[in-house]
Amino acid sequence: QVQLVESGGGLVQAGGSLRLSCAASGRIIGNYAMGWFRQTVGKEREFVAAISRNGGSTGYATSVKGRFTISRDNAQNTVYLQMNSLKPEDTAVYYCAATSSPSDGAFYYTPRNYATWGQGTQVTVSS
């Protein structure tokens, strides 16, 4: 089974940038669709971005489209989330998730589609 560890979170001013990393171990992630989600206290986990197992297809939440970019390096067993033009409303714990995928182009928007989760990394955007 794959294990996931997120890193790269922190405190940044509005308008700034962060790059989150999700390092996988235990299995080669080339067979997994990957996603990023975020959650704040008292709210449900929210979809941010997802990428197919070969990196050829991606999807984004409307709230982050044009500001965030998901990418993956299967040789390094790592998935990234580049976050630009950050806003205070982007403040949350960000989670990486993985699921075994049957096709090169598939990715998923809902948490229930993902079998494996990381522990999360805090992102705080100050105004």
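Being a predicted model, the structure only gives us computed values, none of them experimental. Counting from 1, the numbers follow the sequence of the chain as shown.
- For S85 against S17, the heavy-atom pair with the smallest separation is N-OG, 4.3 Å.
- Panel note: side chain R72, backbone G55; no donor-acceptor pair is recorded below 3.5 Å.
- In terms of modelled atom types and a separation under 3.5 Å, the side chain of T99 and the main chain of N113 share a donor-acceptor contact.
- Note on Y60 and W36: same hydrophobic cluster, where clusters join Ile, Leu, Val, Met, Phe, Trp and Tyr whose side-chain heavy atoms are under 4.5 Å apart, directly or indirectly.
- Q39 CD to E44 CD: the interatomic distance, rounded to the nearest 0.5 Å, is 8.5 Å.
- Remark: Q122 CD to T40 OG1 distance equals 9.5 Å, nearest 0.5 Å.
- In the hydrophobic clustering of this structure, F107 does not group with L4; members are Ile, Leu, Val, Met, Phe, Trp, Tyr whose side-chain heavy atoms approach within less than 4.5 Å, directly or through other members.
- One hydrophobic cluster, built from ILVMFWY side chains closer than 4.5 Å, cannot hold both F68 and Y108; they sit in different ones.
- Considering CD of E46 and OH of Y95, their distance stands at 13.0 Å, rounded to 0.5 Å.
- With hydrophobic clusters built from ILVMFWY side chains whose heavy atoms lie under 4.5 angstrom apart, L81 does not share a cluster with Y114.
- Without hydrogens or angle criteria, S52 side chain to D104 main chain gives a donor-acceptor distance under 3.5 Å.
- Closest of all the heavy-atom pairs between S127 and A14 is CA-CB, 4.4 Å.
- Put simply, the side chain of T121 never gets that close to the backbone of Y94: no donor and acceptor are under 3.5 Å apart.
- Around atom CD1 of I28, no more than 12 heavy atoms belonging to other residues, nucleotides or ligands sit under 6.0 Å away.
- Counting all heavy atoms, side chain and backbone alike, C22 lies closest to M34 at SG-CE, 4.2 Å.
- Taking the centre of each ring, F37 and W117 come in below the 6.0 Å mark.
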_Go through it in stages, so that I can follow the logic: the residues are Q119 and E6, the test is side chain to side chain contact (heavy atoms under 4.5 Å, CB included), and I'd like the CA-CA distance, side-chain angles, deciding distance and then a yes or no._
CA-CA 7 Å; Q119 84 290 347; E6 302 96 334; 2.9 Å; yes
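- The minimum heavy-atom distance between G59 and Y109, with the atom names listed, is CA-OH, 4.3 Å.
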For this session: Show your reasoning for whether side chain to side chain contact (heavy atoms under 4.5 Å, CB included) applies to Q76 and S21.
Result: CA-CA 11 Å; Q76 296 295 322; S21 298; over 6 Å; no
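- One N or O on the side chain of R53 and one on the backbone of S101 form a donor-acceptor pair closer than 3.5 Å.
- Expressed to the nearest 0.5 Å, how far OG1 of T69 lies from CG of N84 amounts to 6.5 Å.
- With hydrogens and angles ignored, the 3.5 Å screen pairs no side-chain donor or acceptor of D73 with any backbone N or O of T78.
- Of the possible polar contacts, none joining the N31 side chain to the S100 backbone as a donor-acceptor pair under 3.5 Å is found.
- Looking at every heavy atom in both residues, Q3 comes nearest to G26 through OE1-CA, 3.8 Å.
- With values rounded to the nearest 0.5 angstrom, Q1 atom CD is found 7.5 Å from R27 atom CZ.
- In the hydrophobic clustering of this structure, Y80 does not group with V123; members are Ile, Leu, Val, Met, Phe, Trp, Tyr whose side-chain heavy atoms approach within less than 4.5 Å, directly or through other members.
- Put simply, the residue from V64, I51, L20 that forms a side-chain contact (heavy atoms from CB on, under 4.5 Å) with I70 is I51.
- Atom-to-atom distance recorded for T124:OG1 and D90:CG is 11.0 Å, nearest 0.5 angstrom.
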